[in-house]
Amino acid sequence: MIVIDKLPFKFVESEGFKKFMFVACPRFHIPSRTTMTKDVYQLYLDERVKIKQLLRSSCSRVCLTTDTWTSLQRVNYLCHFIDNDWKLNKKILNFCPISSHKGESIGMVIEKCLLTWGIDKLFTVTVDNASSNDVAIGYLRKKLNPRRGLVQNGKYLHMRCMAHIVNLIVVEGLKEMNKSVERVRGAVRYVRQSPAKLQKFKECVVVEKIECKKMLCLDVCTRWNSTYLMLDTAQNIERAFERFEEQDTNFRAELERGEGWPSVDDWTNVRDLRDFLEHFYEVTLRISGTSYVTSNNFFDELSEIDILLRDAQLNSNVDFNVMAIKMKEKYDKYWGDIDKMNLLMFVACILDPRQKLKYLEFALSEMSSSEKASEMMQKLKEFLYELFDEYKPSLHSTCSQSSVSTHVSLDEP
């Protein structure tokens with residue numbers, strides 16, 4: 001059967017499609033749209049039963065990701081868990097309209113989804129930084145705590161999306177370099193206004209013997225990663241812009257009526273910004289992976305960002321320096337103090353507590369004073385002991401079955 005994307009099921013009943021199928025496969029019987037609808041819905045029901053059985057038999061806790069879209073008023077639930085074979089599973093559990101974007105309404109819909117799927121034990125819920133999500137998480141804590149479905153009474157249930165916070169940090173920085181970015185954006189927009197201009201620009205690239213294989217792309221102002229890709233390409237073919245100006249007399253005049261012609265300083269700023277944003281672009285790619293676990297890398301990544309921003313504040317370029325300071329202020333708002341952070345971000349990178357805590361202690365001392373690092377380490381150790389105490393009954397049960405006596409310590413043996 002040929003499935004054509006974005007067409008309704010009634011398309012199969014059109015005369016054109018019937019004639020096409022008669023020629024392509026005369027023996028194939030075309031089902032009605034009603035039959036197709038029933039078959040698809042039955043497939044959904046069968047798969048739902050399988051996922052319910054998998055959730056009951058192959059995992060003890062799940063991590064939930066949810067997001068909302070204002071324009072469509074829909075909410076999406078993505079469930080992550082590791083099964084008995086230690087394979088990462090990712091399932092979309094629900095995609096439905098919501099009556100309100102208020103936090104409690106979102107929380108009620110999520111709770112209903114969990115009850116429908118028979119999920120009563122959550123590890124974390126990852127959301128963006130919208131204030132309504134704080135209320136939604138609070139609602140879930142209130143409802144799930146009496147059922148003993150949360151770790152540490154839900155104290156660390158709320159996981160803020162790291163990619164979303166990185167986005168906020170970078171957007172804050174781009175405000176300071178906006179003029180240079182706007183001028184380059186104006187040049188790119190002019191070139192891409194028509195196929196004829198774009199073709200002439202490609203000829204300029206060939207004449208200048210520029211080996212860059214990428215072609216100009218215009219960014220979306222609200223998506224900083226597209227801005228990075230635009231600047232990455234533009235700065236590689238700067239000479240082509242200069243030659244294009246010689247051939248198109250309206251080019252410079254058109255830009256001067258807007259934000260202006262990109263100067264030598266603007267191109268210097270763009271190159272520095274491109275090199276700087278590359279780190280954040282790569283971090284975003286690493287932490288946004290969908291086929292592998294990413295939470296164990298969070299602490300490494302945010303440590304790298306902290307060091308990167310500290311170094312950038314020492315840059316001799318005044319504009320760049322101010323940009324780095326603004327970004328560091330936004331970073332500190334979310335990750336500047338361990339009390340503001342979800343400790344599971346630290347714990348996720350720990351396999352052998354005695355050895356990995358040494359790494360954490362080193363990294364924290366690099367990020368802050370030794371006194372502050374010691375305070376952070378003490379809080380982490382207390383948190384780890386609390387987690388161990390919570391899971392001690394199941395550990396003792398396992399040990400008694402194997403007749404092995406164990407003692408766990410976070411300090412050196």
Side-chain angles (χ1 to χ4, degrees), residues 48 51-52 54-70 72-83 88-165 168 287-288 290 293-295 298 333-335 338-348 383-384 386-387 389-391 394:
R48 187 172 69 171
I51 295 176
K52 277 188 174 182
L54 184 64
L55 290 172
R56 282 198 299 266
S57 62
S58 298
C59 66
S60 58
R61 294 191 182 278
V62 300
C63 295
L64 202 67
T65 304
T66 178
D67 198 4
T68 57
W69 290 268
T70 304
L72 299 178
Q73 290 191 322
R74 293 181 179 274
V75 60
N76 180 30
Y77 309 106
L78 193 65
C79 169
H80 295 83
F81 61 92
I82 296 175
D83 60 22
L88 177 67
N89 286 259
K90 180 184 69 174
K91 306 292 182 183
I92 295 178
L93 299 185
N94 203 1
F95 191 80
C96 66
I98 55 177
S99 59
S100 168
H101 282 264
K102 293 182 179 179
E104 188 160 310
S105 298
I106 294 174
M108 291 173 67
V109 176
I110 294 176
E111 182 194 19
K112 182 180 178 181
C113 172
L114 296 176
L115 292 173
T116 301
W117 286 94
I119 299 174
D120 55 3
K121 290 186 177 182
L122 286 181
F123 193 51
T124 61
V125 178
T126 303
V127 291
D128 63 25
N129 204 44
S131 58
S132 58
N133 286 326
D134 296 339
V135 180
I137 298 297
Y139 177 88
L140 291 175
R141 282 197 190 100
K142 181 176 67 175
K143 293 298 182 180
L144 294 179
N145 263 333
R147 307 174 202 166
R148 299 180 180 275
L150 303 177
V151 175
Q152 292 288 293
N153 295 321
K155 184 178 180 181
Y156 305 102
L157 175 67
H158 190 177
M159 184 71 77
R160 299 183 187 276
C161 177
M162 186 173 180
H164 179 73
I165 296 177
L168 294 176
I287 63 178
S288 301
T290 58
V293 177
T294 58
S295 58
F298 282 3
K333 178 180 178 181
Y334 300 104
W335 296 325
I338 194 172
D339 292 327
K340 300 177 182 178
M341 300 170 63
N342 191 321
L343 295 185
L344 290 176
M345 294 181 73
F346 291 84
V347 175
F383 171 59
L384 288 172
E386 289 175 2
L387 282 180
D389 288 340
E390 184 168 324
Y391 286 96
S394 59

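Numbers here simply count residues along the sequence, with the first being 1. The model shown is predicted, which means the values in this text are computed figures rather than measured ones. What's counted below: heavy atoms across the whole structure, side chains too, no hydrogens, waters or symmetry copies.
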For Gly149, does its backbone N or O pair with a side-chain atom of Asp120 as donor and acceptor, under 3.5 Å?
no
Test side chain to side chain contact (heavy atoms under 4.5 Å, CB included) on Trp117 and Ile51; report intermediate values, then the result.
CA-CA 9 Å; Trp117 286 94; Ile51 295 176; 3.7 Å; yes
With side chain to side chain contact (heavy atoms under 4.5 Å, CB included) as the test, would you mind laying out the steps for Ile106 and Ile110 before giving the verdict?
CA-CA 6 Å; Ile106 294 174; Ile110 294 176; 3.8 Å; yes
Less than 4.5 Å apart, any side-chain heavy atom of Val127 and any of Asp67?
no
Residues in side chain to side chain donor-acceptor pair (under 3.5 Å) contact with Glu104, at least two apart in sequence or another chain:
none
List in chain and number order the residues that pass side chain to side chain donor-acceptor pair (under 3.5 Å) with Arg148, two or more places apart in sequence or in another chain; answer none if no residue qualifies.
none
Side chain to side chain contact (heavy atoms under 4.5 Å, CB included) between Thr124 and Tyr156, intermediate numbers included
CA-CA 7 Å; Thr124 61; Tyr156 305 102; over 6 Å; no
Run the side chain to side chain contact (heavy atoms under 4.5 Å, CB included) test on Leu64 and Leu114 for me, step by step, so that the C-alpha distance in whole Å, both residues' side-chain angles and the decisive distance to 0.1 Å come before the verdict.
CA-CA 10 Å; Leu64 202 67; Leu114 296 176; 4.1 Å; yes
Under 4.5 Å between any side-chain heavy atoms of Ile165 and Asn129, yes or no?
no
In the structure I gave you, are the side-chain heavy atoms of Arg141 and Asn153 within less than 4.5 Å of one another anywhere?
no
Roughly how far, to the nearest 0.5 Å, is the CG atom of Leu55 from the CD1 atom of Ile119?
5.0 Å
Look at the side chain of Lys52 and the backbone N and O of Thr116, then say whether any donor-acceptor pair between them is shorter than 3.5 Å.
yes
